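Numbers for residues simply follow the sequence, beginning at 1. Keep in mind the model is a prediction, meaning the values are calculated, not measured. In each ligand, atom 1 is the first atom listed, and ligand 1 is the first ligand listed.
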Amino acid sequence: MQVVYSDDELLHNPLNEMTGGEWKPYVESPKRLVSIKNFIDRHPEFEVVDPNDYSLGPILDVHRQDYVCFLQSIYEEWVAEGKPAEACLGETFSLPAMTGKIDPEVVRKTANKSASGKMGYYTCDLSVCFVKNTWRATYASAQVAISAAHRLTEAIVTKDKSQSIYALCRPPGHHSSHQMAAGYCFVNNAAVVTRFLQNYTFEDMNKAKKPYGFDLEAIRKQEFSTGTATENKKILIVDIDYHHGNGTQDIFYDDSSVFYVSLHGFPDYPYFTGSAEETGRGEGIGYNINIPLDPKTTTDAIYLDNLERVLNQQSVVDFEADVVVVSMGLDTWHEDPIAGMKGLVDMNTYRKMGSLIKTSASCNGRPVLFVQEGGYTIEKLGDLAGSVLQVLLFLF
Ligand code: OKS
Ligand code: ZN
């Protein structure tokens, strides 16, 4: 299996975050990726490949332009205003202005007048800490995911349909929405590849710049290409991260061409979404399934039973996805320092997750793109990821 990865993803390394009223070491650390990469390097069934550069185009198919400008420049503005370089964090949030009485465009203009205003407007918790290279790592993470989508498409075009690939992404993405950074996430990698797979033909994808190389000024001046695909591919997103992917849900909530399925600890971060009552809106009704699970009582068997049921549920099977995108968080593991289901204790459960993704009626025979999300048991991450992925190579 090919694994797309870039060293640039390690450059986002905030010292601390504010958690539960305490200044604590930043949990979403580069060590996570180093650990998974070490595992991958030791296992010859995986082949690590570099990303290409697809420009800002695919990112702007999901995220607002003003938000992407914010990601690029907030750190310098924060520091230029004399604020602490190691704590580029929100200090106030825009909720009080968002009661629907003021024109949202007026709020946006006001927020954009200061670094603190921008942080409050575009972030919504204290886990998104910006450092000098946050944008560089975020851009790399998105290009890693997009490159994986391109390679998967190539495999589909030239070989057989049942291919899979792993985008070793960091920072993660599933809490980020059109104009929101949250929960360690800045760009929603799973959403970006979903739109990329839908909007770009294989010919469009082949216009990528090779190899990937980061140049901030060049990126700022980029003329972005957008895709020319006409037939709308259907994408099934299976989010097995411990947390509800509120950003991904939000982006596709009205959309019947993207089916979002999430199993997650509930109630837990992000605290306001993830209930089973959230089933989509308008055209998107019926294309969003949340499976909230009690982190205290969910066992290996309960988790697998729920995953098996949803992946064989009639509406998901009838959707007939063209591609499956898996938001692969590894923070369901019982030892996870910030998450974890108490009863998820068996490494075999992760093999069975991989096997369900391979064999269930909704996914069987379809190309699968794994996008790395959360997971914080640093020494276990390679084993956990490998357990999910290796099944797709060996067993069938
Ligand atoms: C609160 C922690 C905020 C982020 C938690 C969720 C991160 C994650 N101080 N999402 O999938 O793993
Ligand atoms: Zn998570």
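Checking each of F252, F259, Y260 against Y287 for a ring-ring contact (aromatic ring centres under 6.0 Å, His included) leaves exactly one that passes, namely F259. Between Y54 and the options H150, K209, Q143, a side chain to side chain donor-acceptor pair (under 3.5 Å) holds for only H150.
Considering only residues two or more places apart in sequence or on other chains, H244 meets the side chain to side chain donor-acceptor pair (under 3.5 Å) condition with Q249, T273, N290. Residues that satisfy the side chain to side chain donor-acceptor pair (under 3.5 Å) test with Y253, not counting sequence neighbours, are absent from this structure.
The Zn ion (ligand 2) does not have E373 among its coordinating residues (no N/O/S atom, backbone or side chain, under 2.8 Å). Backbone or side-chain N, O or S atoms of H243 reach the Zn ion (ligand 2) at under 2.8 Å.
By the 4.0 Å N-to-carboxylate-O rule, E217 lies close enough to R220 to be salt-bridged with it. Under a 4.0 Å N-O distance rule, the pair K234/D322 does not qualify as a salt bridge. Salt-bridge formation is detected for the pair E28/R32: a Lys NZ or Arg NE/NH1/NH2 atom is positioned less than 4.0 Å from an Asp or Glu carboxylate oxygen.
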Which pairs of N or O atoms, one from ligand 1 and one from the protein, are separated by less than 3.5 Å, and what is the distance for each pair?
from     : atom 1 : to   : atom 2 : distance (Å)
ligand 1 : 9 (N)  : T19  : OG1    : 3.2
ligand 1 : 10 (N) : H174 : NE2    : 3.4
ligand 1 : 10 (N) : H175 : NE2    : 2.7
ligand 1 : 10 (N) : H243 : ND1    : 3.1
ligand 1 : 11 (O) : H174 : NE2    : 2.5
ligand 1 : 11 (O) : H175 : NE2    : 3.2
ligand 1 : 11 (O) : D241 : OD1    : 2.7
ligand 1 : 11 (O) : D241 : OD2    : 3.2
ligand 1 : 11 (O) : H243 : ND1    : 3.1
ligand 1 : 12 (O) : H243 : ND1    : 3.1
ligand 1 : 12 (O) : D331 : OD2    : 3.0
ligand 1 : 12 (O) : Y376 : OH     : 2.5

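Of all the N, O or S atoms in D331, the one closest to the Zn ion (ligand 2) is OD2. Looking only at N/O/S atoms, D241 comes nearest to the Zn ion (ligand 2) through OD1.
Residues in residues 116-127 take part in these salt bridge (Lys or Arg N to Asp or Glu O under 4.0 Å) pairs, two or more places apart or across chains: E77-K118.
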